[in-house]
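For reference, the structure discussed in these notes is given below.
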Amino acid sequence: MKNLNCLKQIANNARLERPLSLGEYNRAASWSKYLVSSGAEIKGEGEEEWGADMSQLFIGNKFASGRHSRIYRGVYKDRDVAIKLISQPEEDSELAAVLEQQFNSEVSMMFRLQHPNVITFFAACKKAPVFCIITEYLAGGSLRAYLHQLEPYSLPINLVLKFAIDIARGLQYLHSQGVLHRDLKSENLLLGEDMCVKVADFGISCLESQCGSAKGFTGTYRWMAPEMIKGKAQTKKVDVYSFGIVLWELLTALTPFDNMTPEQAAFAVCQKNARPPLPSTCPVAFHYLINQCWASDPRKRPDFSKIVTTLESFDKSLEQDPDFFSSYKPRRHHTACHFFPKWTSASRSA
């Protein structure tokens with residue numbers, strides 16, 4: 001990899017045994033210096049299948065930061081990778097425990113997932129005070145960054161459709177594996193060089209059978225389903241709601257509820273049933289699908305198998321008729337499952 005500043009290995013006697021202090025945690029310019037290797041595999045208990053061979057890992061420049069994580073570009077076994085580092089602060093044991101739990105959850109989820117629209121997991125290392133997750137590197141960056149480079153409402157409808165299908169297929173696969181993402185948003189959707197969208201960041205994902213209620217849950221309010229905000233039980237439909245918000249982003253290239261704080265947005269969604277305003281240019285077909293996805297009642301939201309079927313039918317119809325989106329008129333009392341599969345040019349003529 002060109003211009004990659006590789007991390008030099010640190011001898012065993014320099015190993016940092018204690019967690020970072022809160023000051024070190026906040027001030028550290030690079031957490032990568034705390035990721036220590038003896039030049040061989042580092043595996044803890046239960047890590048035999050996913051433990052990283054640290055002698056094969058080289059860490060370069062930081063390119064993204066989260067609330068409690070930093071992401072570096074690097075090389076692992078001659079492959080371009082993204083390296084997510086999570087650090088445990090010494091003075092905040094509660095936060096340290098939460099971060100460890102999220103690391104365990106993220107690794108256990110990603111290790112068992114394999115799909116073209118889900119980011120590929122390579123390995124991980126669990127050595128306090130810094131945990132490490134190694135995934136494929138996607139050169140296109142986040143969908144949010146891509147959209148914010150555009151003028152509002154300027155994404156071509158065929159590209160909106162392509163991105164939407166990629167995301168829906170990724171979520172359909174996750175749900176087929178019993179996984180709830182719980183933090184679906186444009187920032188957690190990554191673009192490859194071929195413009196393929198992949199679902200990423202499983203730090204707060206869970207198995208549906210183990211999710212329970214959302215009490216004490218930390219997500220992203222602007223994309224969060226109302227039942228999650230209220231701390232009620234979670235189902236796969238929480239991701240469907242978030243997908244509706246992402247569809248709105250694809251059609252507008254804007255941030256949802258950008259005139260409100262996250263807390264104000266949460267209040268408006270729960271108490272006033274507010275949703276981001278759909279532009280007048282929004283195709284009727286997408287208008288109906290989005291309204292179903294972000295319905296207040298989770299039972300009225302379609303599942304991702306129906307969403308994928310609907311979007312694929314959009315795509316097929318658009319290939320047959322370039323004016324499909326401008327000429328479509330929905331049938332009354334429709335449901336997501338018969339949105340468009342039966343729609344043809346013949347029925348339009350009739």
Side-chain angles (χ1 to χ4, degrees), residues 143 146-147 150-172 184-186 189 195 197 222-223 225-226 237 239-259 265 268-269 272-350:
L143 179 60
Y146 177 80
L147 291 174
L150 306 173
E151 293 294 327
Y153 319 119
S154 64
L155 195 64
I157 196 65
N158 61 322
L159 195 53
V160 170
L161 191 53
K162 182 204 178 305
F163 287 167
I165 291 173
D166 282 353
I167 300 163
R169 286 173 177 167
L171 268 296
Q172 181 185 25
L184 181 65
K185 56 184 178 180
S186 54
L189 297 165
M195 300 298 283
V197 185
R222 299 181 192 277
W223 287 262
K237 297 300 181 70
D239 290 337
V240 176
Y241 176 93
S242 300
F243 179 74
I245 301 292
V246 171
L247 278 180
W248 179 90
E249 287 186 272
L250 291 175
L251 288 163
T252 64
L254 299 172
T255 300
F257 303 110
D258 60 350
N259 61 334
V269 166
K272 299 182 179 181
N273 200 30
R275 301 291 185 270
L278 285 164
S280 59
T281 55
C282 176
V284 173
F286 275 109
H287 187 283
Y288 276 82
L289 178 59
I290 290 172
N291 277 322
Q292 285 202 323
C293 287
W294 66 27
S296 297
D297 185 348
R299 295 170 297 181
K300 294 183 179 180
R301 301 171 200 158
D303 59 35
F304 273 103
S305 62
K306 293 178 181 178
I307 292 172
V308 169
T309 298
T310 297
L311 291 170
E312 288 177 347
S313 71
F314 288 178
D315 190 41
K316 191 174 296 184
S317 297
L318 188 62
E319 287 181 3
Q320 297 171 354
D321 181 4
D323 296 324
F324 164 70
F325 281 108
S326 59
S327 61
Y328 168 73
K329 293 182 179 180
R331 291 178 290 168
R332 291 184 178 181
H333 309 300
H334 63 268
T335 61
C337 60
H338 62 267
F339 238 133
F340 288 34
K342 298 180 181 179
W343 189 94
T344 62
S345 57
S347 63
R348 182 165 60 101
S349 299

* Structure fact -> Here the gap from D315 atom CG to T310 atom OG1, rounded to the nearest 0.5 Å, amounts to 12.5 Å
* Asked: What are the two closest heavy atoms between V269 and A274, and how far apart are they?
  -> CG2-O, 3.6 Å
* **Side chain to side chain, L247 and I167, heavy atoms closer than 4.5 Å** => no
* Asked: Where do S154 and L150 come nearest, in terms of heavy atoms and distance?
  -> OG-CB, 3.4 Å
* Asked: Is there side-chain contact between S242 and K185, with heavy atoms separated by less than 4.5 Å?
  -> no
* Structure fact -> Nearest heavy-atom approach of P277 to W248 is O-NE1, 2.8 Å
* To do: Please round to the nearest 0.5 Å and tell me the distance separating atom CH2 of W223 and atom CZ of F257.
  => 10.0 Å
* **Non-hydrogen side-chain atoms of L171 and I307 separated by less than 4.5 Å** => no
* For the pair R301 (side chain) and K237 (backbone), establish whether a donor and an acceptor sit closer than 3.5 Å, ignoring hydrogens and angles. => yes
* Rounded distance [0.5 Å steps], CD in Q172 versus CZ in F243 -> 11.0 Å
* **Which atom of D321 lies closest to which atom of S327, heavy atoms considered** => OD2-OG, 4.0 Å
* For D239 and L184, work out which heavy atoms get closest and say how close. => O-CD2, 3.7 Å
* Rounded distance [0.5 Å steps], CG in L318 versus OG in S313 -> 11.0 Å
* Got a sec, which residues hit side chain to side chain donor-acceptor pair (under 3.5 Å) with R169, two or more places apart in sequence or on another chain? -> E312
Tabulate below the donor-acceptor pairs under 3.5 Å that side-chain atoms of residues 156-165 make, not counting sequence neighbours, or state none.
{"residue": "K162", "atom": "NZ", "partner": "D166", "partner atom": "OD2", "Å": "2.7"}
{"residue": "K162", "atom": "NZ", "partner": "M195", "partner atom": "O", "Å": "2.9"}

* Asked: Which pair of heavy atoms, one from Y241 and one from A295, lies closest together, and at what distance?
  -> CD1-O, 4.5 Å
* Does P283 reach the side chain of F324, with side-chain heavy atoms less than 4.5 Å apart? -> no
* To do: Can you sort out the partners of F286 under ring-ring contact (aromatic ring centres under 6.0 Å, His included), two or more places apart, ordered by chain and number?
  => F314, F325
* Within-4.5 Å side-chain heavy-atom neighbours: R222 and T255 -> yes
* **Minimum side-chain heavy-atom gap P152-T252 below 4.5 Å** => no
